[in-house]
Amino acid sequence: MTLSPFTIALIGVIGLLGIGFYGLMISRNLIKIVVALQIMVKGALLGLVAAGNANGQIGLGQSMALTVIVADTIVAVMGIALGVQIRRRLGSLDVRDLSSLRG
Amino acid sequence: MLTLLLVAILLIFAIQAIRARALITSALWLAGVSALSSVLFYSYGAHLVAVIELSVGAGLVTVLFVFAINIAGDDAIQAQSVPPWTLVTALVALFVLLLGWFVLGVPVVAPVSPVAEAPLSVILWQARGLDLMVQVVLIFSGVLGLLGLLAEAEAPLKGSMAAEVAARRDREMQTLDSQILQIEDVRK
């Protein structure tokens with residue numbers, strides 16, 4: 001059985017999305033959560049590029065991937081800045097320490 | 001075969017980025033994921049995206065991560081998940097199975113006739129012009145948000161909020177102790 005390049009890319013997409021989702025579920029560190037988000041976005045980018053390649057519209061796939069890269073970078077920068085601020089204010093990066101409501 | 005090998009190494013790097021205890025190690029594994037994915041993009045014909053991913057994903061974002069970890073410190077939080085492990089495993093398995101069933105079952109729609117695609121610049125500036133406007137707005141809003149956060153960081157902080165709350169509690173407890181001692185003295 002030979003796998004086509006598109007199928008190989010789809011396996012990579014599923015793997016990256018699954019690993020990123022697992023990281024989102026188990027991580028309590030804010031910066032680690034941003035890392036998991038980045039991994040998921042890499043999976044989405046690979047899917048866009050592979051779909052563009054398979055359909056013969058690689059330019060369209062590239063233009064969409066560019067938009068995703070810009071949005072992903074903004075999300076990463078804002079997440080890191082928020083993490084640094086929370087560390088300065090609360091002294092911890094643990095998401096469980098963020099809860100200030102008691103009840 | 002080479003593509004399959006690249007995807008396998010990419011997945012191993014991604015797993016290491018999640019598994020690594022130290023944040024700096026995790027950021028470096030993530031840079032490896034970005035570099036390998038840019039090689040994959042190049043092999044799929046997306047040359048421009050490959051270059052941008054290599055410079056932004058493996059360069060800029062990694063530098064930002066290292067900068068933030070230097071400021072915030074490399075806290076070694078034990079890898080205990082907030083939800084139970086069984087629930088996490090079940091949810092991730094369900095997610096991967098559903099995604100695989102949905103994605104791998106979709107047939108590839110091949111182009112009916114080989115049509116010469118317009119150059120990328122034409123697609124970007126004419127067909128996807130609205131996307132470019134959204135990107136410009138995103139970049140401006142990101143820069144403004146970052147400036148707001150960093151400007152707030154310049155305000156002098158006397159210490160962490162948790163330490164202040166603990167010190168206030170200590171002072172209140174000392175006051176209560178002294179009041180109790182005074183009442184006992186009066187009774188005697």
Side-chain angles (χ1 to χ4, degrees), chain A residues 3 5-6 8-19 21-23 25-26 28-29 31-32 35-36 38-39 42 45-46 49-50 53-63 65-67 69-71 73-74 76-78 80-85 87-94 96, chain B residues 3-4 7 10-11 14-15 17-18 23 26 30 33 37 40-41 44-46 48-49 52-53 56 61 64-65 68-69 71-72 75 77 79 81-83 88 91-92 95-96 99-100 103-104 108-109 111 117-118 120 123-124 128 131 134-135 138-139 142 145-146 149 153 157 160-163:
Chain A
L3 295 171
F6 184 60
I8 293 172
L10 286 185
I11 291 171
V13 170
I14 295 168
L16 285 175
L17 286 177
I19 292 166
F21 185 61
Y22 176 74
M25 297 280 285
I26 66 157
R28 281 170 29 200
N29 193 314
I31 294 182
K32 211 64 175 294
V35 169
Q38 291 275 313
I39 290 175
K42 297 284 182 286
L45 280 175
L46 184 58
V49 169
N53 183 35
N55 287 327
Q57 293 180 321
I58 190 63
L60 190 61
Q62 284 197 88
S63 66
L66 275 180
T67 309
I69 286 176
V70 171
T73 308
I74 298 296
V77 168
M78 295 300 289
I80 288 171
L82 275 173
V84 169
Q85 282 299 315
R87 163 76 182 175
R88 286 186 184 208
R89 300 229 165 218
L90 299 181
S92 170
L93 283 171
D94 196 337
R96 291 198 303 189
Chain B
T3 313
L4 190 61
V7 168
L10 180 74
L11 293 181
I15 291 170
I18 296 295
L23 289 178
S26 181
L30 182 67
V33 171
S37 56
L40 270 175
F41 296 159
Y44 281 107
L48 183 70
V49 171
I52 292 177
E53 174 63 29
V56 174
V61 174
L64 282 173
F65 268 116
I69 292 166
I71 291 178
D75 281 353
I77 298 173
S81 61
V82 178
V88 171
L91 277 179
V92 171
F95 176 77
V96 170
L99 198 65
V103 169
L104 291 176
V108 180
V109 182
E117 200 184 16
L120 183 61
I123 293 175
L124 267 181
R128 313 294 300 179
D131 283 2
V134 171
Q135 288 179 32
L138 267 177
I139 290 171
L146 193 63
L149 281 172
L157 294 174
S160 67
M161 188 180 288

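Reminder, nothing fancy here: chain letters follow the sequence lines and each chain counts from 1. Below, each value reflects all heavy atoms present in this structure, side chains not excepted, and no hydrogens, waters or symmetry copies.
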| field | Any side-chain heavy-atom pair of Ile69(B) and Ile31(A) under 4.5 Å | value | yes
| Interchain contact, Leu30(B) with chain A, by part (heavy-atom threshold 4.5 Å) | side chain
| field | Region of Leu17(A) that comes under 4.5 Å of a non-hydrogen atom in chain B | value | both
| said: Return the CG to CD1 distance between Leu104(B) and Ile11(A), rounded to the nearest 0.5 Å. | reply: 6.5 Å
| request: Look up atom CG in Leu66(A) and atom CG in Leu48(B), then write down how far apart they are to the nearest 0.5 Å. | output: 5.5 Å
| message | Heavy-atom cut-off 4.5 Å, strictly under: side chain, backbone, both or neither for Phe95(B) against chain A? | response | side chain
| said: For Ile8(A), which atoms come within 4.5 Å of any heavy atom of chain B: side chain, backbone, both, or neither? | reply: both
| Among all residues two or more places apart in sequence or in another chain, which pass the side chain to side chain contact (heavy atoms under 4.5 Å, CB included) test with Ile58(A)? | Val49(A), Asn53(A), Gln62(A), Ala46(B), Glu117(B)
| query | From Asn29(A) CG over to Leu23(B) CG, what is the distance, rounded to the nearest 0.5 angstrom? | reply | 4.5 Å
| remark: By side chain to side chain contact (heavy atoms under 4.5 Å, CB included), Val92(B) pairs with (sequence neighbours left out) Phe21(A), Tyr22(A), Val88(B), Val96(B)
| query | Does any heavy atom of chain A fall under 4.5 Å from the side chain of Leu40(B), the backbone, both, or neither of them? | reply | side chain
| Thr67(A) OG1 to Arg128(B) CZ distance, which is reported to the nearest 0.5 Å | 7.0 Å
| note | Separation between CD1 (Ile18(B)) and CD1 (Ile26(A)), nearest 0.5 Å, reads 6.5 Å
| field | Step-by-step side-chain contact (heavy atoms from CB on, under 4.5 Å) determination, Ile71(B) to Arg88(A) | value | CA-CA 9 Å; Ile71(B) 291 178; Arg88(A) 286 186 184 208; 3.9 Å; yes
